[in-house]
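Beneath this line is the structure, given in structure tokens, with notes to follow.
Within every chain, numbering begins at 1; the chains are lettered A, B, ... in the order of the sequence lines, protein sequences first and strands thereafter.
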Amino acid sequence: MASEFTSTIGQPNALSIGFFFLFVAFTLGVTWWAARRSRSAAEFYAAGRSVTGFQNGLALAGDYMSAASFLGIAGLVALKGYDGLIYSIGFLVGWPVMMFLIAEPLRNLGKYTFADVVAYRLRQRPIRVAAACGSLMTVAFYLIAQMVGSGSLVHLMFGLPYETAVLVVGAVMIAYVLFGGMLATTWVQIIKAVLLLGGASVMVFFVLRHFGFSPAELFRASAARYGDKVLAPGGLVSNPWDALSLGMALMFGTAGLPHILMRFYTVPDAKAARKSVFYATGLISYFYVLTFIIGFGAMTLVGQEVVSGFDKGGNMAALLLAEVTGGTMFLGFIAAVAFATILAVVAGLTLAGATTYAHDLYANVFRRGQSTEDDEVRMAKRATVALGVLAVALGIAFKGQNVAFMVGLAFAIAASANFPALLMSILWKRFSTFGAVCSIATGATLAVGLIVLSPTVWVDVLHSPWGMAAPFMLKNPALISLPAAFAAGWLGSVLRPEPDAEQRYAEQKIRNYLGVGAE
Amino acid sequence: MATITETAGTTDMTMEAPQTHMAPAQHGASHLPHRAHHHPDEAQFAALVRARWGVSLTLTALMLLIYFGFIMVLAFRRDLLQAPVGGGMTLGIPVGFGIIVIASALTGIYVWWANRSYDGAVRRIVTGMQSGMQPGEKAGQTMKGAHHG
């Protein structure tokens, strides 16, 4: 049945462009509403701490469910079957860990960025510089991956030129963040999360209707067509060390992503922060279950040959399935949702980057804590524009490049540079400024250095310079860089202890566990 | 002696960044201990911190064990997950979905525990700290944010 099917994907689709404009118009309306509530620093960075636990759960899910994970994982499942699920699980398990270790201390101790927590009892300037480097590197790699992905996806979906797509994404995203700050960004995430979860649910309903609403029937049909192998793990996890290293990056990296961590400051207190992770984890779990079924639906109802014919990586699987099950109208809707998803994710990243610059670097390093709130917000807005323009420029510069490694790298940096310093500053009394800087520097340097020497970049991107095999054999560096960051933090603190900071630990604990004095 | 207070300093905490009220100028100004505070009951507070990390580290360890266990089975005994279980499915599918459900359930357990036990303990300790304060202090202000743990 699938072989005779011809798709309208790749042609400008009036319906999807209409849906997309509707989304943009509505969210810009929200931005206009939010603009009047985004003047002070607490409003611009943290939506005035007025977001409820459930809303923040939706927004966290919106921040995390990127177009890459929706289209990419559905495609992976469509082409490889079960292995796609392994991938989803990896992206999910970081959430409980973040809740158990980080969420509440972060909310109680910080103000706008995770560097607030690390710098709580340590020396401001060295910590802020180091933490800002870790943050900005994470944001930059994640952002480049998203921009390049968005350009190619929009090009594939609508037939729009790559550069135009990147420009549109950049311009709308700047408008959200610049005028609406965290409040607009939060509502864009919430709307997008609802649309994405809703659209995917409808698609799963359409798919299961073909199989008498029995997922088992769907799996049986897939196995009948492509063999039992699609229902069992294949070659995705063959080298245990590789799997372990990637697993560590995903598990601990989630707890080090600046745009995710920043969301915990939008809720009123630690109790709401904790609640929001619970909702986010549930929503993301549900989303991954949906993508798994969508993947199998595409495999069976569209056919692997058709899916890989449109895009070798399978990225069009979900869209093809939308067209097969729901016609052009549903395709238009899902394509618009995918575009909206890209916008929301890049808006969250840009806001995190701008906050890091204005709050950590400008206010606490350049102005040594002497700037006013207005100065800080002005700087954050300038940084938003600069970062948005940079994102568009990099998106265009990296056109056609292999940037798949950048998400893995962003997670590796988050897990190695951000997470160890954050955890040690919360849990270890003797953690010192020197230790923190050593930890962040070691984690960031090793994560970037080793990935360049790894097969991921050395072979796949640089094509083995001088005919040499990759000097570092793991595809993701976290297995080495994360423990090394902890070791460096310990060694630095032992070598250069800080009695002042040790004394302040008692006070930090009171605020951390009792919430006394929390922002 | 146990209830040395510094009303101004603690009140500031609610509105200022940590770095500003930790300025070195504050200590040395008197013979008061550094960052004098309404101290929580030592034993209660230590028990609270112990319970908090007891629960969260146990749950973290469980999550790590399940996930890395799954990865190791994938790496070394993939055939286990290829085993058919009725209905045309392989063991891998229920196991995979099971991990997703467990991950969500663990966060649910933590929230349940924290709502039921941790928040109450925090409230008791904070109330104890307030009652140890001298009359005339702006308890409502200094304890802002405290009631929700």
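Side-chain atoms of Y118(B) and E104(A) include no donor-acceptor pair closer than 3.5 Å.
Only the side chain of I426(A) comes within less than 4.5 Å of a heavy atom in chain B; its backbone stays farther off. For F292(A), the part lying under 4.5 angstrom from a heavy atom of chain B is the side chain only. With a 4.5 Å cut-off on non-hydrogen atoms, M63(B) touches chain A through its backbone and its side chain both. With a threshold of 4.5 angstrom between heavy atoms, A223(A) does not approach chain B through any atom at all. Residue contact with chain B, scored on non-hydrogen atoms closer than 4.5 Å, involves the backbone and the side chain of K509(A) alike. In this structure, chain B has no heavy atom under 4.5 Å from any part of Y279(A). Looking at D79(B), there are no atoms closer than 4.5 Å to chain A (heavy atoms on both sides), in backbone or side chain. Using a 4.5 Å cut-off between heavy atoms, L231(A) touches chain B through backbone and side chain atoms alike. Using a 4.5 Å cut-off between heavy atoms, L48(B) touches chain A through its side chain atoms alone. The part of I125(B) that comes within reach of chain A is its side chain, from C-beta onward, which places non-hydrogen atoms under 4.5 angstrom from that chain. Contacts between R78(B) and chain A at a heavy-atom distance below 4.5 Å involve backbone atoms as well as side-chain atoms. Contact annotation for L91(B): neither backbone nor side-chain heavy atoms come within less than 4.5 Å of a heavy atom of chain A.
Contact count against chain B (heavy-atom pairs under 4.5 Å) is highest for V289(A) among V277(A), V289(A), D228(A), D242(A). Each of G282(A), G90(A), S88(A) has some count of heavy-atom pairs under 4.5 Å with chain B, and the biggest count is that of G90(A). Annotation: maximal heavy-atom pairing with chain B below 4.5 Å, among N239(A), L244(A), V97(A), occurs at L244(A). Between chain A and the residues P84(B), G96(B), A83(B), A105(B), the most heavy-atom pairs under 4.5 angstrom are made by G96(B). Considering only heavy-atom pairs separated by less than 4.5 Å from chain A, the leading option among I102(B), I99(B), V55(B), L64(B) is L64(B). Counting heavy-atom pairs closer than 4.5 Å to chain B, the top residue among A42(A), G110(A), G247(A) is G247(A). Interface summary for chain A: among I93(B), L106(B), L81(B), I71(B), the most heavy-atom pairs under 4.5 angstrom belong to I93(B).
Contact between P96(A) and A103(B) at its shortest, heavy atoms only, is CG-O, 3.5 Å. Listed here is the closest heavy atom pair of F278(A) and V111(B): CB-CG2, 3.7 Å. Here the closest heavy-atom approach between residue P233(A) and residue Q82(B) is recorded as O-NE2, 3.3 Å.
For the pair R274(A)/D119(B), a side-chain contact is recorded, criterion being any heavy-atom separation below 4.5 Å from C-beta on. Side-chain atoms of L514(A) and M129(B), non-hydrogen and from C-beta on, do get closer than 4.5 Å to each other.
Atom CG of L92(A) is separated from atom OG of S104(B) by 6.0 Å, given to the nearest 0.5 angstrom. Interatomic distance, T107(B) OG1 to W95(A) CH2, rounded to the nearest 0.5 Å: 11.0 Å. Here the CG atom belonging to L250(A) is positioned 5.5 Å from the OH atom belonging to Y67(B), to the nearest 0.5 angstrom. Of the inter-residue distances, the one linking Y513(A) atom OH with W53(B) atom CH2 reads 5.0 Å to the nearest 0.5 angstrom. Interatomic distance, CG of L101(A) versus OG1 of T60(B), reported as 4.0 Å (0.5 Å rounding). Separation of atoms CD1 (I100(B)) and CG (L85(A)) is listed at 5.0 Å; rounding is to 0.5 Å.
In the displayed structure, R367(A) atom CZ is contacted under 6.0 Å by more than 12 heavy atoms of other residues, nucleotides or ligands. Remark: F211(A) CZ is packed, more than 12 non-hydrogen atoms of other residues, nucleotides or ligands lying under 6.0 Å away.
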